[in-house]
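Quick notes on the structure that follows.
Because only heavy atoms are used, hydrogens play no part in the values below, and waters and symmetry mates are left out as well, while side chains stay in. Every number for a ligand or one of its atoms is a count from 1 in the order of the listing.
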Amino acid sequence: MRRITLTRFLIEEQRHKGVIQSDLRLLIEVVARACKAIAIAIGKGNLADVLGSNATENVQGEVQKKLDVISNEILLEANEWGGHLAAMASEEMDHPYVIPHRYPKGEYLLLFDPLDGSSNIDVNVSVGTIFSVLQCPENIDHVEEHHFLQAGAKQVCAGYAVYGPTTLLVLTLGNGVHCFTLDRELGSFVLTESNLRIPEETKEFSINMSNMRHWEPPVRRYIDELLAGRTGPRGKDFNMRWVASMVADVHRILTRGGIFMYPRDAREPGKPGKLRLMYEANPMSFIVEQAGGASTDGTQRILDIQPTELHQRVAVFLGSKNEVEHVTAYHR
Ligand code: AHG
Ligand code: MN
Ligand code: MN
């Protein structure tokens, strides 16, 4: 079997299709290397005292897991010296991390959720890393938060790693979605699937049902109809899955279809949903659209939202096109 490593894939994309610049190629390789380091840290578990929480909270007021902090540091250290970035932003940092003066600066902005699904870490269930790449506006002397506030449609690259039974890296550069599996003996990511497509039709949905009483009417109506099964208005039985790691739930949808929802709800009226736009919803929406799926906040395409804050939250409906359109229509 001809094995295409991530390095070869990126070089060939650059050479034949001209879709990526060498700095972007470096960026992706560095992020992939950081994901390998995170996979190793996660894999040690209790042997290395990496499980459990820190005494710290992040900007969202969530208690940080030790591995949230470790993963964040791995990504920062890996990416600061290569000259490919102007700045980074993360779920775990209040403000952007501007590349220190001792290193050369590049033209990209990197955003990440260093460890997604971290409530699953202590119970040995899949977690992941999500990242998004934007172009830094030109002729900027000092990068500031507002330079990051670009609509998701402007992303030049997005991806995620899932640390599950195997470690996978899923990537889009705007021409399809490709999946690489970590070969632990070689230490490299190997292309195992190209041009992933999300089936348009599905019989599987993903939502945290415990929040049902807090949902808005369109979501209640949609879920009620799914639950009514074969004799209900949808005329078929639906299955449900909720891993509580967005990466794992989205990866299942990329593999066999489905709809993932984290709607806004009445628990904390000031917050429009739980998930963060810039480093969770945007990269996942880019990937899902590139795989033929759809992604909205209930009323509009997520990739069209003009961000106003780095850590802003958003309602998310993504996955198989027909279902996303169905629930979005109920909001309209
Ligand atoms: P994070 O661990 O980065 O804070 O993200 C967790 C997110 C997402 O991965 C998942 O879909 C959702 O939170 C789960 O939320 P509930 O615990 O409310 O089900
Ligand atoms: Mn997350
Ligand atoms: Mn996280």
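- Crowding of H16 atom NE2: a count of heavy atoms from other residues, nucleotides or ligands under 6.0 Å exceeding 12.
- Under a cut-off of 6.0 angstrom, the local environment of CG in D94 is crowded, with over 12 non-hydrogen atoms contributed by other residues, nucleotides or ligands.
- Among heteroatoms of the N, O or S kind in E280, OE2 lies nearest the Mn ion (ligand 2).
- Of the options T181, T166, D183, a side chain to side chain donor-acceptor pair (under 3.5 Å) to T192 is made by T181 and by none of the others.
- The 12-atom threshold is not exceeded at NE2 of H95, counting heavy atoms of other residues, nucleotides or ligands nearer than 6.0 Å.
- Nearby protein atoms of type N, O or S around the Mn ion (ligand 3) amount to 3 (distance under 2.8 Å).
- Around CD of Q21, the count of heavy atoms belonging to other residues, nucleotides or ligands within 6.0 Å does not exceed 12.
- Residues meeting the ring pair (Phe, Tyr, Trp, His ring centres under 6.0 Å) test with F9, sequence neighbours left out: H178, F180.
- Contact residues for ligand 1 (protein heavy atom closer than 4.0 angstrom to any ligand atom): E62, E91, D113, L115, D116, G117, S118, N208, W242, A244, S245, M246, F260, Y262, K274, L275, R276, E280.
- Residues meeting the side-chain contact (heavy atoms from CB on, under 4.5 Å) test with S90, sequence neighbours left out: N72, E92, M93, F112, P114.
- Between the side chains of R252 and S206, at least one donor-acceptor pair of N or O atoms lies under 3.5 Å.
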- Task: Apply side chain to side chain donor-acceptor pair (under 3.5 Å) to the pair S295 and E289, showing each step before the final yes or no.
- Result: CA-CA 7 Å; S295 176; E289 284 197 4; 5.9 Å; no
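- Ring pair Y222/H326 is tilted by interplanar angle, where 30° to 60° counts as tilted.
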